[in-house]
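Reviewing the structure listed below.
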Amino acid sequence: MLRSFAMAAVVTLGVMLGRRALSLRVLAAAAVVVMAIQPAALLGPSFQMSFAAVLVLIAWAEASGRWMASWRRGDEWWRRPTVLAGGMVLTSLLAGLATTPYGLHHFGRLQLYGVADNMAAVPVTSFLVMPAGMLAVAAMPFGLEAVPLRLMGLGVELILWVARTVASWPGAAISAMPIPPAGLALTSLRLLWLCLWRARWRLLGLPMLVLGLGSAVLVTPPDLLISADGKLIALRLEDGLLLQRTSGASGFVRANWLRSLGEEEAEALPASAAREDGALQCDALVCRFQPRPEVAAVLLLRTAKPKRGQDPAEIRSEPYCGQAALLVSGEPIRGRCRNSRTLDRFSVWRNGAHAVWLLPGEARVVSDREWRGSRPWVPPPPVPAARRAAAALSSGAAAPRVDPAP
């Protein structure tokens, strides 16, 4: 909304001053206005996708102006409809290509039918929704806006129907590994290179643009993920994703994991399993996870479901110490283990969600707290209530009210 208003305001000012209304300078001025008011918008998908699409469309209009003008000349009846239809297809195609890197980075999706969607939705927006909206604004002082607003609503419903229909087509959206931030930055710089320069050597930016789009293949996704509440644990195998999900697990986190790993769906972790390649071996109490023969193994410790009215059994580390590089559980692991690192409910309570990369002989673990670093806005690690109360009593102060540890 802010980007549209800034663009409209700058274009209107240019028309009043007799300057060229649509140009890359106008787009740059709008971007400066948006970033001055909302600097954080620069990192959002709305800002990036909208400005990238407009940038490519303006650059194409400037580069192909003479060629398009030659097509408009002539008195043949078919020229104007051909130019109109071809312009709509080309506009949708260019805008779709321009926003593809940002859609991959933020959403992990490739939209294949954007041209068809825009071909149906853009005319409805241009010839029904927007004129009806302007007519409604003009009729509001006289209390006659009901009919234009009803027409505008019908147009919006038609656009939504088109979007739902196209989205339901087979293969409308394909999951893909998201582009990393460095790859997106490289793609954005090469896109600016192609659009801002006019000489032929601007085409030298194409190889770097392709490299940025393909940078996802250089990223090694984690082999194991555990959510901040310990209720979701994901194991990544070569042929898919397995999830251990307990009651109350977040569907939002699950969807984000699937998108970040380029997966459409995930299977539930079986109660018992034994794969032929040895990547996963499970029974009721423990799963041994080793996705590749050359990397370290992980033991996922589980508890049997308690009977009604009974407390769940404790998970002890002693029987499993030294059998794997990492012991993982969504519940607290009791006891100390010097030969294996532990990652349990207390770990995620202190440091947030964790990601694990399995390497030869070791497991590389990165927590949300480590990833964010020491920043003024990052809260300190929580302290158990008993320890904080004891510290307060030893100092002579009243014990503060705190939430208990999990």
Side-chain angles (χ1 to χ4, degrees), residues 220-238 241-247 249 268-307 310-371 381-387 390 404-406:
T220 303
D223 297 296
L224 185 144
L225 292 167
I226 179 169
S227 64
D229 56 6
K231 295 182 178 181
L232 269 179
I233 298 177
L235 308 178
R236 187 178 64 86
L237 297 168
E238 291 184 357
L241 197 68
L242 295 178
L243 280 180
Q244 175 178 283
R245 184 175 185 178
T246 57
S247 178
L269 186 65
S272 62
R275 289 173 58 109
E276 294 182 358
D277 58 2
L280 184 69
Q281 296 178 352
C282 290
D283 57 34
L285 298 179
V286 63
C287 280
R288 187 180 187 276
F289 174 60
Q290 189 177 14
R292 297 173 298 280
E294 71 274 9
V295 301
V298 173
L299 291 184
L300 174 59
L301 309 183
R302 307 190 285 187
T303 57
K305 187 176 181 181
K307 295 181 179 180
Q310 293 182 347
D311 294 330
E314 284 189 347
I315 297 179
R316 307 294 302 183
S317 65
E318 290 85 355
Y320 308 103
C321 281
Q323 297 186 20
L326 181 66
L327 306 181
V328 178
S329 175
E331 301 296 332
I333 299 178
R334 306 295 179 181
R336 295 188 176 182
C337 184
R338 295 185 177 180
N339 298 324
S340 300
R341 183 173 180 176
T342 59
L343 177 56
D344 64 352
R345 180 70 182 89
F346 284 107
S347 303
V348 296
W349 175 68
R350 286 190 297 266
N351 298 314
H354 283 64
V356 179
W357 286 263
L358 297 178
L359 307 174
E362 62 174 335
R364 175 173 171 255
V365 181
V366 178
S367 69
D368 178 60
R369 182 177 300 280
E370 292 172 336
W371 181 261
V383 178
R387 187 183 302 174

List the atom of [X], the atom of [Y], and the distance in Å for their closest heavy-atom pair.
X: A325; Y: A363; value: CB-N, 4.4 Å
X: W357; Y: T220; value: NE1-O, 2.8 Å
X: I233; Y: G330; value: CD1-N, 3.8 Å
X: C282; Y: P270; value: CB-O, 4.2 Å
X: L301; Y: V286; value: CD2-CG2, 3.7 Å
X: L225; Y: A355; value: CD2-CB, 3.6 Å

Give, for atom [atom1] of [X] and atom [atom2] of [Y], the distance between the pair rounded to the nearest 0.5 Å.
X: S317; Y: R338; atom1: OG; atom2: CZ; answer: 11.5 Å
X: S347; Y: R341; atom1: OG; atom2: CZ; answer: 8.0 Å
X: S329; Y: I226; atom1: OG; atom2: CD1; answer: 7.5 Å
X: N339; Y: Q323; atom1: CG; atom2: CD; answer: 10.5 Å
X: T246; Y: L232; atom1: OG1; atom2: CG; answer: 7.0 Å
X: Y320; Y: L300; atom1: OH; atom2: CG; answer: 10.5 Å

Between I315 and D344, is a side-chain contact (heavy atoms from CB on, under 4.5 Å) present by the stated rule, with each step listed?
CA-CA 10 Å; I315 297 179; D344 64 352; over 6 Å; no
Is E318 atom CD crowded by more than 12 heavy atoms from other residues, nucleotides or ligands, each under 6.0 Å away?
yes
Check each of L327, T342, V328 against L299 using the side-chain contact (heavy atoms from CB on, under 4.5 Å) test, and report the only one that passes.
L327
May I ask you to decide if [Y]'s main-chain N or O and [X]'s side chain share a donor-acceptor pair within less than 3.5 Å?
X: E370; Y: S367; result: yes
X: R302; Y: C287; result: no
X: E331; Y: R345; result: no
X: S340; Y: G322; result: yes

A side-chain contact here means heavy atoms from C-beta on lying under 4.5 Å apart; do [X] and [Y] qualify?
X: R275; Y: L237; answer: yes
X: L359; Y: V295; answer: no
X: P291; Y: R236; answer: no
X: L224; Y: L358; answer: no

Which residues pass the side chain to side chain donor-acceptor pair (under 3.5 Å) test with R292, sequence neighbours left out?
D223
